[in-house]
S.K.: 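Take a look at the following structure, please.
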Amino acid sequence: MIELIVSAIGGAGIALAIAAYLSKSYLKIQSDKLLARHAHALAVEKELLGHDLAAELHQKKVRTSRFETDRVEALKAMHEVIVDLSAALGALRSHANIRPNQDFRPSYFNGLKGMFSELSDTFNEISDAYRVLDKNAIYMDDSTESSVRKMLDNIQEYYVAALKRCQQILSEAQALEPNLNASNQPKELVALWTEMVTNWKSLVDPSARLIKREIREQLSA
């Protein structure tokens with residue numbers, strides 16, 4: 001009788017032990033499955049995040065590249081304006097030439113009036129230069145924009161002064177009529193042209209060099 005009771009108790013203990021083992025094993029399997037699903041979800045999320053980050057970085061690179069390209073074009077447009085404004089200096093030189101075989105008096109007046117006309121035409125182009133600057137200033141840093149704007153302000157003041165200078169010389173030449181000649185001319189025209197070129201370079205060269213340097217830096221980046 002006792003043996004049967006012990007046997008029954010032993011059998012129940014074994015059954016409980018087996019049930020506990022199976023339960024623990026089941027929980028571990030379920031836990032492993034849950035962890036595996038979680039790990040897979042994390043891997044998928046990481047991959048998607050990587051794709052999104054790569055796409056965002058690519059778009060940022062494209063935007064940056066486009067901005068840098070636009071910046072170079074803006075600086076080139078401003079440099080072209082400076083070149084166009086300085087083109088008048090070459091035209092002024094042709095008006096300043098008075099050949100020895102020419103009648104001095106009419107040649108002097110024609111040359112001076114021609115220089116005045118070239119300066120007047122170029123002065124009108126300065127307004128266009130300001131518009132180019134305003135249009136492209138968004139692509140320039142504050143320092144560059146300030147430098148270029150200051151240069152245009154100086155050019156405008158210079159052209160006003162140059163026009164007044166030509167008008168003054170013309171008035172002085174007219175006061176010498178009809179005795180104007182090479183010896184008493186108020187200002188030798190080639191010397192006047194040289195004076196204008198020297199003044200122009202002092203006004204323009206610093207900003208022109210700045211723009212060219214920035215263009216080169218952008219292109220070499």
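For the single chain, residues carry numbers from 1 onward in sequence order.
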S.K.: Of all the heavy-atom pairs spanning Val190 and Ala96, show the shortest one and how long it is.
M.R.: CG2-O, 3.7 Å
S.K.: Where the side chain of Glu177 meets the backbone of Gln174, is there a donor-acceptor pair that is under 3.5 Å apart?
M.R.: no
S.K.: Asn154 pairs by side-chain contact (heavy atoms from CB on, under 4.5 Å) with which of Gln156, Met151, Lys150?
M.R.: Lys150
S.K.: Looking at side-chain heavy atoms only, is the closest gap between Asp134 and Arg149 below 4.5 Å?
M.R.: yes
S.K.: Taking all non-hydrogen atoms of both residues into account, name the closest pair between Met78 and Ala129 and its distance.
M.R.: CE-O, 3.8 Å
S.K.: Report the distance from atom CZ of Arg209 to atom CZ of Arg213, rounding to the nearest 0.5 Å.
M.R.: 8.5 Å
S.K.: Heavy atoms only: give me the nearest Leu112-Cys166 pair and the separation to one decimal.
M.R.: CD2-O, 4.0 Å
S.K.: When you measure from the side chain of Ser117 to the backbone of Lys113, do you find a donor-acceptor pair of N or O atoms at a distance under 3.5 Å?
M.R.: no
S.K.: For the backbone of Asp153 and the side chain of Tyr130, can you confirm whether one donor and one acceptor N or O come within less than 3.5 Å of each other?
M.R.: yes
S.K.: Do Phe116 and Val160 share a hydrophobic cluster (ILVMFWY, side-chain heavy atoms under 4.5 Å, transitive)?
M.R.: yes
S.K.: Ile126, Tyr158: one ILVMFWY side-chain cluster at the under-4.5 Å cut-off?
M.R.: yes
S.K.: Heavy-atom distance under 4.5 Å between the side chains of Trp193 and Asn97, does that happen here?
M.R.: no
S.K.: Check the pair Asp141, Arg71 against salt bridge (Lys or Arg N to Asp or Glu O under 4.0 Å), reporting the backbone distance first and the verdict last.
M.R.: CA-CA 10 Å; Asp141 57 51; Arg71 175 174 167 78; 3.8 Å; yes
S.K.: Heavy atoms only: give me the nearest Ser107-Gln102 pair and the separation to one decimal.
M.R.: OG-CB, 3.4 Å
S.K.: When you group the ILVMFWY residues by side-chain heavy-atom contacts below 4.5 Å and let the links chain together, are Leu163 and Ile155 in the same group?
M.R.: yes
S.K.: How long is the straight-line distance from CD of Glu214 back to NE2 of His79, given to the nearest 0.5 Å?
M.R.: 12.5 Å
S.K.: Return the CD1 to CD distance between Ile169 and Glu188, rounded to the nearest 0.5 Å.
M.R.: 10.5 Å
S.K.: Distance-only, no hydrogens or angles: does the Tyr139 side chain make a donor-acceptor pair with backbone N or O of Thr69 under 3.5 Å?
M.R.: no
S.K.: Which heavy atom in Ala173 sits nearest to a heavy atom in Pro186, and how many Å separate them?
M.R.: N-CG, 3.6 Å
S.K.: Please check if the side chain of Ser202 supplies one atom and the backbone of Asn199 the other of a donor-acceptor pair under 3.5 Å.
M.R.: yes
S.K.: Mark yes when over 12 heavy atoms from residues, nucleotides or ligands other than Lys187 sit less than 6.0 Å from its NZ; otherwise mark no.
M.R.: yes
S.K.: Please confirm whether the backbone N or O of Asn179 pairs with a side-chain atom of Asn184, one donor and one acceptor, at under 3.5 Å?
M.R.: yes
S.K.: How about Thr198 and Glu195: do any of their side-chain heavy atoms sit closer than 4.5 Å?
M.R.: no
S.K.: Do Tyr108 and Leu176 belong to the same hydrophobic cluster, where Ile, Leu, Val, Met, Phe, Trp and Tyr are linked whenever their side-chain heavy atoms lie under 4.5 Å apart, directly or via other members?
M.R.: yes
S.K.: Kindly check if the number of other-residue, nucleotide or ligand heavy atoms within 6.0 Å of CG (Asp103) is above 12?
M.R.: yes
S.K.: How close do Trp200 and Ile82 get, counting heavy atoms only, and between which atoms?
M.R.: CZ2-O, 4.0 Å
S.K.: I would like to know whether Leu189 and His95 meet side-chain contact (heavy atoms from CB on, under 4.5 Å); could you show each step before the answer?
M.R.: CA-CA 8 Å; Leu189 296 186; His95 293 294; over 6 Å; no
S.K.: Report yes or no: does Ser147 contribute a side-chain atom to a donor-acceptor pair with the main-chain N or O of Ser143 at less than 3.5 Å?
M.R.: no
S.K.: Where do Lys212 and Asp205 land on the salt bridge (Lys or Arg N to Asp or Glu O under 4.0 Å) test, with the steps shown first?
M.R.: CA-CA 10 Å; Lys212 286 190 287 187; Asp205 278 1; over 6 Å; no
S.K.: Could you see if Leu92 belongs to whatever hydrophobic cluster contains Val197? Use Ile, Leu, Val, Met, Phe, Trp, Tyr and a side-chain cutoff under 4.5 Å.
M.R.: yes
